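Just below is one structure, and these are the notes that go with it.
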Amino acid sequence: MMEKEKTGIGIIICHRYHTCGGGKCFRALRERTGAFRRYPADTEVEVVGYGTCGGCPGGNVEYVPQEMIRNGAQVIHLATGLIVGYPPCPRIEFFKRFIEERYGVPVIPGTHPVPEKYYLIHAALGTWKGEKWSELLAPALDDTETRLAYD
């Protein structure tokens, strides 16, 4: 029998949500929704690290990825909370570039699908206008039915 391919991931969440138990992220990983759609069902995905950015301006981003990589992370996800918070993280784009450059691993913005309530309010506020946000939202932007399921 052929062994499943295995991918180790790290998840960095916004420190505002430091008490978050990760329920939506772990559900999305099981269901392969949101930014976890990228992993085929026949690929085993193991969360090898889960921590916060350390609070603004994101001091943990300097060294937390290294710890995750030492524990087997091949990909780092910046949690959906960094995208949907009020306001969204102003440093998310920098975090992505920094981690990719410094540590040489891909960084995916998003974990669980963007919940519909956040999608609607940010659309009304015009928060996510522009190419930058299109790229940052794409991995975690599912269809309306899925967004509603994550409200």
Side-chain angles (χ1 to χ4, degrees), residues 4-54 56 58 60-61 64-69 71-123 125 127-151:
K4 275 186 167 185
E5 184 179 331
K6 186 175 184 176
T7 302
I9 67 168
I11 299 174
I12 298 176
I13 69 171
C14 175
H15 192 74
R16 281 183 287 193
Y17 309 117
H18 70 276
T19 60
C20 178
K24 286 181 182 173
C25 289
F26 291 108
R27 174 182 161 203
L29 182 56
R30 275 192 320 276
E31 295 175 354
R32 296 299 202 264
T33 58
F36 299 128
R37 282 189 314 269
R38 68 184 294 109
Y39 305 106
D42 63 347
T43 298
E44 181 183 343
V45 180
E46 178 183 11
V47 178
V48 299
Y50 184 89
T52 79
C53 66
C56 294
N60 280 356
V61 172
V64 163
Q66 183 175 23
E67 179 72 17
M68 292 175 174
I69 292 164
N71 288 317
Q74 298 157 278
V75 179
I76 304 289
H77 282 262
L78 300 175
T80 299
L82 290 157
I83 298 167
V84 302
Y86 300 113
C89 177
R91 295 173 183 87
I92 189 171
E93 194 176 30
F94 177 80
F95 292 167
K96 179 179 176 3
R97 286 189 355 253
F98 171 77
I99 295 167
E100 287 177 340
E101 180 66 29
R102 173 68 177 89
Y103 295 106
V105 297
V107 175
I108 309 303
T111 48
H112 65 77
V114 170
E116 182 71 357
K117 62 187 174 189
Y118 291 100
Y119 180 78
L120 294 175
I121 192 68
H122 282 295
L125 292 170
T127 310
W128 295 329
K129 290 192 181 206
E131 188 177 325
K132 165 191 164 178
W133 284 107
S134 294
E135 290 175 21
L136 290 170
L137 279 169
L141 196 58
D142 286 72
D143 58 61
T144 304
E145 182 180 351
T146 304
R147 291 194 309 266
L148 283 167
Y150 280 81
D151 255 356

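These numbers were taken from a predicted model, which means no experiment stands behind them.
Residue W128 comes nearest to I83 through the heavy atom pair NE1-O, 3.3 Å, listed as atom of the first residue, atom of the second, then distance. Listed here is the closest heavy atom pair of K6 and Q74: O-OE1, 3.5 Å. Nearest approach of C89 to F95, heavy atoms of both residues: SG-CE1, 3.9 Å. Shown here for G110 and A140, the closest heavy-atom pair between the two residues is CA-CB, 4.1 Å. Between V61 and Y103 the shortest heavy-atom distance is O-CE1, 4.4 Å.
Among residues two or more places apart in sequence or in another chain, the side-chain hydrogen bond (donor to acceptor under 3.5 Å, both in side chains) test is passed with N60 by Y63. Take T43 and apply the side chain to side chain contact (heavy atoms under 4.5 Å, CB included) test, not counting sequence neighbours, and it matches E5, T7, P40, V45. Partners of K129 according to the side chain to side chain contact (heavy atoms under 4.5 Å, CB included) rule, which considers only residues two or more places apart in sequence or in another chain, do not exist here. With sequence neighbours excluded, no residue satisfies side-chain hydrogen bond (donor to acceptor under 3.5 Å, both in side chains) with K132. By the side chain to side chain contact (heavy atoms under 4.5 Å, CB included) test, P139 pairs with A35, I108, P109, sequence neighbours left out. D143 pairs by the side-chain hydrogen bond (donor to acceptor under 3.5 Å, both in side chains) definition with T146, not counting sequence neighbours. Every residue meeting the ring pair (Phe, Tyr, Trp, His ring centres under 6.0 Å) condition with Y39, not counting sequence neighbours, appears here in chain and number order: H77. With sequence neighbours left out, the side-chain hydrogen bond (donor to acceptor under 3.5 Å, both in side chains) criterion links E100 to K96. Applying the side chain to side chain contact (heavy atoms under 4.5 Å, CB included) rule to N71 yields the partners V48, E67; only residues at least two apart in sequence or on another chain are considered.
For the side chain to side chain donor-acceptor pair (under 3.5 Å) condition, the pairs that include at least one residue of residues 29-38, sequence neighbours left out, are R27-E31, E31-Y150, T33-Y150, R37-D142. Counting only residues at least two apart or in different chains, side chain to side chain donor-acceptor pair (under 3.5 Å) contacts with residues 104-116 comprise T80-T111, E116-R147.
For the atom pair OH (Y50) and SG (C25), the distance works out to 5.0 Å, reported to the nearest 0.5 Å. For the atom pair I99 CD1 and I76 CD1, the distance stands at 6.0 Å (nearest 0.5 Å). Here the NE2 atom belonging to H122 is positioned 10.5 Å from the CG atom belonging to L120, to the nearest 0.5 angstrom.
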Please list every donor-acceptor pair under 3.5 Å in which a side-chain atom of residues 8-22 meets a protein atom from a residue at least two apart or in another chain.
| from | atom 1 | to | atom 2 | distance (Å) |
| --- | --- | --- | --- | --- |
| H15 | ND1 | T52 | OG1 | 3.0 |
| R16 | NH1 | Y86 | O | 3.0 |
| R16 | NH1 | P87 | O | 3.1 |
| R16 | NH2 | P87 | O | 2.9 |
| H18 | ND1 | H15 | O | 3.0 |

